[in-house]
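One structure is given below, encoded as structure tokens.
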Amino acid sequence: KNIPLVYATSAATYGSGEFGYKDSHDILDKLQPLNPYGISKNEFDKWALAMVRVDTNHNSAPPFWAGLKFFNVYGPNEYHKGRMASVIFHSFNQIKLTGKVKLFKSHRPDFKDGEQLRDFIYVEDVANVCYWFMNRVDTFLKGVNSGLYNLGTGKARTWNDLAKAIFAALQLPEKIEYVPIPEDIREKYQYFTEANMQKLIGIGYNKPFTSIETAVADYVKNYLVPQKFE
């Protein structure tokens, strides 16, 4: 139908990160996602690229397409997601009930408790990137710049950083309790993720990503405290 397509894939495709976090098409067959969700995303990414390879005349592939590998997204309007909502959402509710936050202990000697690292990205930044693509698809030639793109901040932060930002936004003293990672997910737990953002920046995206401190303050003060759902 000659319609551009931007779809959501996931950083879960990278598994434990043994092949890095670069959004290269060359490593898709090597990636070993740790759960069915990541596997399903990686299989679709591989299928999309396979369809483009056999469609050399671009008769059936979209004139432009992008699969955005979302990293740890958080922000307003995730109240309906239940246990799949972000740690910020759950931590806020824990603080309201108990005055403290529970984070996972580390079961590796090279990481201290709560010092596991993730690339956390505010949903406002995710929307900005999607909007940027939407307004530029007509400027991309057929097939040019199409492909997979990381969507994180490019800067990993710790769970402790995240918890401290929540307490700061609430103007409360920090109280963090570390609990064991459940055994059924312990072996597949990711200790580090960080998006390589050079590919997206290389095609012209230049808006800075929001820091954890600024984004968490906005989320907590303007949405979670007043329970503002839009």
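In what follows, every heavy atom counts, from backbone to side chain, and hydrogens, waters and symmetry copies are set aside.
Defined by atom type and a distance below 3.5 Å, a donor-acceptor pair is present between the side-chain atoms of Y178 and N160. Using modelled atom types, one finds a donor on one side chain and an acceptor on the other under 3.5 Å when comparing T214 with S211. Side chains of S86 and E78: a donor-acceptor N/O pair is present below 3.5 angstrom, by distance only. There is no side-chain donor-acceptor pair under 3.5 Å between Y205 and N128. Residues D125 and T210 have side chains that bring a donor and an acceptor to within less than 3.5 angstrom of each other. Inspection of the K69 and S10 side chains reveals no N or O donor paired with an N or O acceptor under 3.5 Å.
Note on L172 and Y223: same hydrophobic cluster, where clusters join Ile, Leu, Val, Met, Phe, Trp and Tyr whose side-chain heavy atoms are under 4.5 Å apart, directly or indirectly. Y14 and I39 are not part of a single hydrophobic cluster, where members link through side-chain heavy atoms under 4.5 Å apart.
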Practice item. List the steps and the verdict of ring-ring contact (aromatic ring centres under 6.0 Å, His included) for F133 and Y149. Key: CA-CA 11 Å; F133 269 119; Y149 290 88; 5.5 Å; yes
Next item on the list: Walk me through it: do Y79 and F89 pass the test side-chain contact (heavy atoms from CB on, under 4.5 Å)?
Entry: CA-CA 8 Å; Y79 53 88; F89 179 86; 3.8 Å; yes
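For the pair R118 and Y189, the cation sits on the ring face: its NZ or CZ lies under 6.0 Å from the ring centre, inside 45° of the axis.
Taking the salt bridge (Lys or Arg N to Asp or Glu O under 4.0 Å) definition, one finds that E174 meets it with nothing, sequence neighbours left out. Annotation: salt bridge (Lys or Arg N to Asp or Glu O under 4.0 Å) contacts of D110 (sequence neighbours excluded): R108. Applying the side chain to side chain contact (heavy atoms under 4.5 Å, CB included) rule to K102 yields the partners Q94, E177, V179; only residues at least two apart in sequence or on another chain are considered. With sequence neighbours left out, A195 forms a side chain to side chain contact (heavy atoms under 4.5 Å, CB included) with F71, D119, N150, M197.
Between V220 and F92, some side-chain heavy-atom pair lies under the 4.5 Å cut-off. No side-chain heavy atom of N35 sits under 4.5 Å from any side-chain heavy atom of I185. Side-chain contact between Q190 and F192 is absent, with no heavy-atom pair separated by less than 4.5 Å. With contacts defined as side-chain heavy-atom distances shorter than 4.5 Å, the pair D45/L31 does not qualify. I121 has its side chain out of reach of F70: every pair of non-hydrogen atoms, C-beta onward, lies at least 4.5 Å apart.
Of the residues listed (W65, Y7, Y37), the one engaging F44 in a ring pair (Phe, Tyr, Trp, His ring centres under 6.0 Å) is Y7, and it is the only one.
Counting side-chain heavy-atom gaps under 4.5 Å among Ile, Leu, Val, Met, Phe, Trp and Tyr, the cluster of M134 also holds Y131.
Across all non-hydrogen atoms, the minimal contact from P33 to N42 is CG-CB, 4.1 Å. The shortest non-hydrogen separation linking A169 to V216 is CB-O, 4.4 Å.
The salt bridge (Lys or Arg N to Asp or Glu O under 4.0 Å) contacts involving residues 150-164 comprise R157-D161, R157-E213, where partners must be two or more places apart or lie in separate chains.
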